[in-house]
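Notes for the one structure printed next.
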Amino acid sequence: MGLLTVGTPLAWEDMLHHSRYIRKHGVLQFLHTLRRMQHLENDPFLYGDEVEYGLLKVDPIRKTVRLSLRGPEAMEALRRQEQEELQGCAWHEEYGSWMLEGTPRVPYGGYVMGLLGIEQNMRLRRGRILSVLNEDEMAPTLVAFPLLGVGFTGSSIGASPASDSALVPDSCINPHPRFATLTANIRKRRGSKVDIRVPLFKDSKTTEFETATEPMIHMDCMAFGMGCCCLQVTFQASDLDESRLLYDQLAVLAPIMLALTAATPIVKGRLAATDARWSLISQSVDDRTPAERGEAGIADARMAGAGIRKQSKSRYDSISCFIHPGSRAFNDLPCETDEDTFALLQQEGVDEALAQHVSHLFTRDPLAAFAGHVEEVDDFASTDHFESIQSTNWQTVRWKPPPATSACGTGAPHVGWRTEFRSMEVQLTDFENAAFTAFMVLVSRAILVFNLNLLVPLSKVDENMGRAHAADAVGTQNFWFRRQIWQEAEQGELCEMTMDEIMNGSKEFVGLVPLCYAYLKHIRCDNSSFKHLDQYLKLISGRASGELMTPAKWMRCFVRSHKEYKFDSVVSESIAFDMVKACNDIGLGKRPCPEILGEVEIEPITTGQYETPLFCDKLGPSERKGLLQKMLLRAPSALKSTLAERCGEPQSFCYARLAACT
Ligand code: ADP
Ligand code: MG
Ligand code: MG
Ligand code: MG
């Protein structure tokens, strides 16, 4: 979730008084970072993934499954248990109190070896999570808990002062004060509860279709969206320019990868007509005032744009502008900017494309501020106000400037300009999550090495985004894509391609998977690593061709072929239980799933997997004696009886010595 400042959050009204200050100083902090860091060059290629997990509590006898609100507790336990080893894990808070985020402890390095380490590290995370779960808990990597908002606890639902939800109690929100504050302030800024609608799936007996043409699944709070789990990948670029280039190129792939990883066919106990989460989250944090959404409304001078500047997108949405200077011709969407911010940035010499991006971010108000941490923040030592705006602009890609701690000479590890790819849905297994992470790494390298240009007008990216949500988008939709992707080719010809064509190529188009193979060939990837990466690329290829199912397709089939399903689009508690259990078992390698994985079998995950340290603390005499005596008892009796005679031989010599000193 990004920035986590500690302290007492300010109430919305108090916060509004500080909004202008925070926005202004956020921009100053950005400018300071830019001046300090714009000349970085040749930073090493590093990258890291983020995987989110949901803790669930199951009752196998009654066949029920609920959220387990122990996310923060599990995170603390995992952090305590974590060791110093570099290949370890790091654990982070997430929005839901049933959620948890895991990343590698340090980013992976730019070698083929790193690509092979992704899955290992993900498996380690899953194994370690198992060690902090109660017996009746599980932590599958499911995008959405299928029964969220359905008779939540079975008794009273609990109070919800932050979200005002009639469906989900505030106890589902992470207790860190930032999260309830975000929830309440989004609602207050908007002037009403969030209003989430996801189209309902039409099955042969779905009664809603008798009275409505496009019935919706209605939801009313942030948890429905921010409670979704995803897979993100952050890349460190060699310099500022490369980070901007990657941002634009990856933004084009965001809808494609959303469709290919789709895993959200069930929300609030119903089958949806869509397969992916993005629009649901977008609506769940849409803090735009009525005026910003194009309805009538009154101005409030304290707000960004006085709360009446038309905003074409939610603050959780696909990007509104490309940011590399060379991408200008493709910016064909309205991109609202904060005029004062834009003017200041230009005056300070920031080029138009970047000024537009940053001043677009700053059309949003900060959503949380903490007492004693507003005017007290030193703009030269901190980027907290910048991050306050940046971390609540949840777009399909995020451009991440170096943090304040990454100053030369502070001793903190150096962190350069990064680009984060944020659209992918979390997969059931670490094999898939690693495959998609590795694929994005390879594609990003191919873009740089082969000098590719994937850009299409942003309006087409957004069209793709809409299509990516469709049920079985992989099999049913075409996506706008460039046929000519070599940078030298002028304005590449746009066409609509199937997912199969985009990934596997056609007569006219080379295909992204073949490009990854070409890249591996180019770097002379060794054979044994190649075999491993080949499995990943086969997964991507098979999924794109339809030979393998997306998790969404598999889940929809699971529900529709369940013996208790009544073809009314209702996912009952016992169907949900069976599905969640199956998903968990697939992730743990206890249940094969050739429909999703093809021939790949997941090796079962073992609990814990903590390293055994090679201790060298001194032992006292009595402990030493006890230990040595135990060893002696273990020595084979034949050996013990001949100790004296055969004390010339090394092993028996050892036992003889042991015998003497105990
Ligand atoms: P956020 O939630 O703000 O996106 P996280 O810290 O949760 O950030 O995750 C960021 C990911 O970036 C992690 O996988 C981490 O390993 C990785 N990462 C950390 N430092 C770098 C770096 N210098 N370059 C690339 N990736 C990095
Ligand atoms: Mg997260
Ligand atoms: Mg994170
Ligand atoms: Mg992230």
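Predicted, not measured: the structure shown is a model, and the values here were computed from it. When a ligand or atom number is given, it counts from 1 through the structure's own listing order.
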Show the atoms of ligand 1 that are less than 4.0 angstrom away from any heavy atom in Y47. 25 (C), 26 (N)
Atoms of ligand 1, numbered as shown, that sit under 4.0 Å from any heavy atom of P104: 14 (O), 16 (O)
Show me the pairs that pass ring pair (Phe, Tyr, Trp, His ring centres under 6.0 Å) and involve residues 416-442, at least two apart or across chains. W399-W417, F431-Y536
Quick note on ligand 1: atoms under 4.0 Å from a heavy atom of E420 include exactly 4 (O)
Rounded to the nearest 0.5 Å, how far does CZ of F380 lie from CZ of R36? 10.5 Å
Run the side chain to side chain contact (heavy atoms under 4.5 Å, CB included) check on T33 and F386 step by step: do they pass? CA-CA 10 Å; T33 301; F386 171 73; over 6 Å; no
Just jot down the ligand 1 atoms closer than 4.0 angstrom to any heavy atom of L46, in number order. 23 (N), 24 (N), 25 (C)
Please find the N/O/S atom of E94 nearest to the Mg ion (ligand 2) and write down its name. OE2
Can you figure out which of E387, Q232, K400, R398 has its heavy atom closest to atom 4 (O) of ligand 1? K400
Residues R543, E432; criterion salt bridge (charged side-chain N to carboxylate O under 4.0 Å, His left out); working and verdict: CA-CA 11 Å; R543 214 180 256 192; E432 298 157 270; 2.7 Å; yes
List the steps, then state whether side-chain hydrogen bond (donor to acceptor under 3.5 Å, both in side chains) holds for R315 with T392. CA-CA 7 Å; R315 58 199 293 162; T392 52; 2.7 Å; yes
Report, in ascending order of atom number, the atoms of ligand 1 lying under 4.0 Å from any heavy atom of V415. 23 (N)
Regarding E50, does it place an N, O or S atom less than 2.8 Å from the Mg ion (ligand 2)? no
For E52, what is the atom name of its N, O or S atom nearest to the Mg ion (ligand 2)? OE2
Sub-4.0 Å heavy-atom contact, R422 with ligand 1: no
Out of curiosity, S163 OG to I186 CD1, how far, rounded to the nearest 0.5 Å? 11.5 Å
Looking at E101, the N/O/S atom that lies nearest to the Mg ion (ligand 3) is called OE2
Can you list the atoms of ligand 1 that are under 4.0 Å from a heavy atom of E101? 7 (O)
Sort and list the pairs that fulfil side chain to side chain donor-acceptor pair (under 3.5 Å) and have at least one residue in residues 121-130, not counting sequence neighbours. D49-R125, E82-R128, E85-R128, Y108-R125, N121-R125, R126-T141, R126-D430
Checking the side chain of D170 only, and the main-chain atoms of A162 only, is there a donor and an acceptor separated by less than 3.5 Å? yes
Can you find an N/O atom of D49 closer than 3.5 Å to an N/O atom of ligand 1? yes
Are more than 12 heavy atoms from other residues, nucleotides or ligands located less than 6.0 Å from atom CD of E376? yes
Closest to atom 24 (N) of ligand 1 among E94, Q236, R105 (heavy-atom distance): Q236
